[in-house]
Amino acid sequence: MRIYPEKLAAHLQQQLLPVYLVTGDEPLLVQECADQVRAAARAGGCTEREVIEASGANFDWQTLLHSAGSMSLFGDRRLLELRLPGGKPGAEGSKALCEYLDLPGDDVLLLVAGKIDKQSTRSKWYKALDQAGAVVTLYPVRKHELPNWLRQRLGGAGLTIDSDALELLSERLEGNLLAAVQEVEKLKLLAPGDHVDLATVTAAVLDNARYNLFGLVDSAVEGEAAASLRMLQGLRDEGTEPMVVLWALNRELRTLVALRTACDRGQRPEQAMKAQRVWVQREGIVGKALARHDRESLSQLLELAFRVDGSIKGFDDGNCWDNLEQLVAGLCRVPVPHMPGALA
């Protein structure tokens with residue numbers, strides 16, 4: 001059976017099926033749904049938990065069957081957690097999963113977690129799991145869904161939030177749900193009473209660090225090259241992960257590309273920025289970036305961003321921080337000779 005994520009908690013209060021498959025592209029949401037199943041399993045008498053990591057070509061799928069057939073130390077129910085990092089068990093794994101479902105007894109509850117692709121949903125093992133238990137599929141929170149997702153998250157923490165504060169929070173945290181959860185926890189501590197206003201969000205997101213990520217992005221969008229490069233160095237000195245910096249710059253680049261495309265098609269910048277949910281207080285600096293960049297220069301920046309990603313992950317040449325410096329300078333439209341393809 002299929003269960004919507006928002007209905008999983010109610011389902012688990014009513015019944016506990018022998019097997020659950022939790023899958024999706026967003027690790028945080030998968031983790032939280034899996035946590036709900038684990039909690040229900042404990043409440044349902046599963047006093048032992050075993051985790052099997054089904055990764056690598058040499059993984060022995062008989063491990064699953066041996067674990068399922070072993071007796072509990074105390075004779076109680078057990079939770080058997082199978083993790084599928086690759087999302088595909090292969091022929092041997094498919095056979096083992098189907099054999100597992102044919103085993104007699106109800107002393108073991110199976111939780112399978114992993115990113116399952118569309119092709120795998122037509123496989124024999126997936127259909128068998130679906131028939132024997134429940135499948136919970138998590139989808140990424142899309143841009144237009146993020147404000148409502150954040151409002152619900154804050155509501156779950158006992159907080160209400162003003163619309164302008166929610167807009168700023170959504171803009172700053174778009175696409176990064178782990179960071180969003182951390183900000184909600186911070187707001188619980190900072191909010192006066194149970195209400196969050198714009199001043200509270202500003203204090204939480206733009207924290208007291210001398211060099212902060214969003215300040216760097218705003219400075220680069222405004223074209224302040226010297227200040228932007230100093231901030232980048234400051235983030236590096238503070239131990240900020242380069243991938244986090246790239247994420248923030250990439251997010252801004254995608255917005256600028258969408259704005260440039262709309263403007264080139266005849267839309268007024270103000271209309272385009274409203275459609276892209278650009279925060280009203282940032283319209284001035286974003287307008288400066290649009291004036292500096294055309295479609296070609298933004299395409300070059302996206303190419304640079306891809307190469308920065310490669311240098312971070314090790315499949316492209318160069319020092320990732322030097323390459324990030326080039327990307328920041330390119331956004332400001334100032335050449336820095338660390339990387340080929342600098343923008344003039």
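Excluded from the calculations below are hydrogen atoms, water molecules and symmetry mates; all remaining heavy atoms, backbone and side chain alike, are included. Keep in mind the model is a prediction, meaning the values are calculated, not measured.
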Asks: Kindly write out the residues that satisfy salt bridge (Lys or Arg N to Asp or Glu O under 4.0 Å) with Glu167, not counting sequence neighbours, or none if the list is empty.
Replies: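 For Glu167, no residue satisfies salt bridge (Lys or Arg N to Asp or Glu O under 4.0 Å) once neighbours in sequence are set aside.
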
Asks: Is there a side-chain contact (heavy atoms from CB on, under 4.5 Å) between Val22 and Val112 once you walk through the steps?
Replies: CA-CA 6 Å; Val22 180; Val112 183; over 6 Å; no

Asks: Could you list the residues that satisfy salt bridge (Lys or Arg N to Asp or Glu O under 4.0 Å) with Asp130, not counting sequence neighbours?
Replies: Arg2

Asks: Shared ILVMFWY cluster between Leu331 and Phe306, side chains joined below 4.5 angstrom?
Replies: no

Asks: The criterion is side-chain contact (heavy atoms from CB on, under 4.5 Å); which residues satisfy it with Leu17, sequence neighbours excluded?
Replies: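 Here the qualifying residues are Met1, His11, Gln15, Tyr20, Ala134.
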
Asks: Kindly write out the residues that satisfy side chain to side chain donor-acceptor pair (under 3.5 Å) with Asp309, not counting sequence neighbours, or none if the list is empty.
Replies: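 Testing Asp309 for side chain to side chain donor-acceptor pair (under 3.5 Å), a comparison that skips the adjacent residues, returns Lys313.
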
Asks: Check whether Trp149 forms a cation-pi arrangement with Arg151 (NZ or CZ under 6.0 Å from the six-membered ring centre, at most 45° off the ring normal).
Replies: no

Asks: The criterion is side-chain contact (heavy atoms from CB on, under 4.5 Å); which residues satisfy it with Lys274, sequence neighbours excluded?
Replies: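 If we apply the side-chain contact (heavy atoms from CB on, under 4.5 Å) test to Lys274, skipping adjacent residues, there are no hits.
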
Asks: Can you get from Val181 to Leu190 by hopping between Ile, Leu, Val, Met, Phe, Trp and Tyr side chains that sit under 4.5 Å apart?
Replies: no

Asks: Check side-chain contact (heavy atoms from CB on, under 4.5 Å) between Glu6 and all other residues, then give those that pass, not counting sequence neighbours.
Replies: Tyr4

Asks: Do the side-chain N and O atoms of Ser67 and Glu50 include a donor-acceptor pair separated by under 3.5 angstrom?
Replies: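 Checked: Ser67/Glu50 side chains pair up, N/O donor to acceptor below 3.5 Å.
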
Asks: Who pairs with Trp61 by ring-ring contact (aromatic ring centres under 6.0 Å, His included), at least two apart in sequence or on another chain?
Replies: Phe59

Asks: Just jot down the salt bridge (Lys or Arg N to Asp or Glu O under 4.0 Å) partners of Glu270, sequence neighbours excluded, or say none.
Replies: Arg268

Asks: Suppose we screen for salt bridge (Lys or Arg N to Asp or Glu O under 4.0 Å). Which residues come up paired with Asp197, at least two apart in sequence or across chains?
Replies: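 Salt bridge (Lys or Arg N to Asp or Glu O under 4.0 Å) list for Asp197, sorted by chain: empty.
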
Asks: For Arg260, check side chain to side chain donor-acceptor pair (under 3.5 Å) against everything at least two apart and list the hits.
Replies: Asp264

Asks: Under the rule for side-chain contact (heavy atoms from CB on, under 4.5 Å), what residues qualify as partners of Gln152, not counting sequence neighbours?
Replies: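 Gln152 satisfies side-chain contact (heavy atoms from CB on, under 4.5 Å) with Asn148 once adjacent residues are dropped.
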
Asks: Whether the Asp322 and Gln326 side chains hold a donor-acceptor pair (N or O, under 3.5 Å, no angle test) is what I'd like checked.
Replies: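 Their side chains do not contain a donor-acceptor pair, so the 3.5 Å distance test is not met.
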
Asks: Distance alone, cut at 3.5 Å: any donor-acceptor contact between the side chains of Asp60 and His66?
Replies: no

Asks: Just to verify, what does Lys288 make a side chain to side chain donor-acceptor pair (under 3.5 Å) with, not counting sequence neighbours?
Replies: Glu222

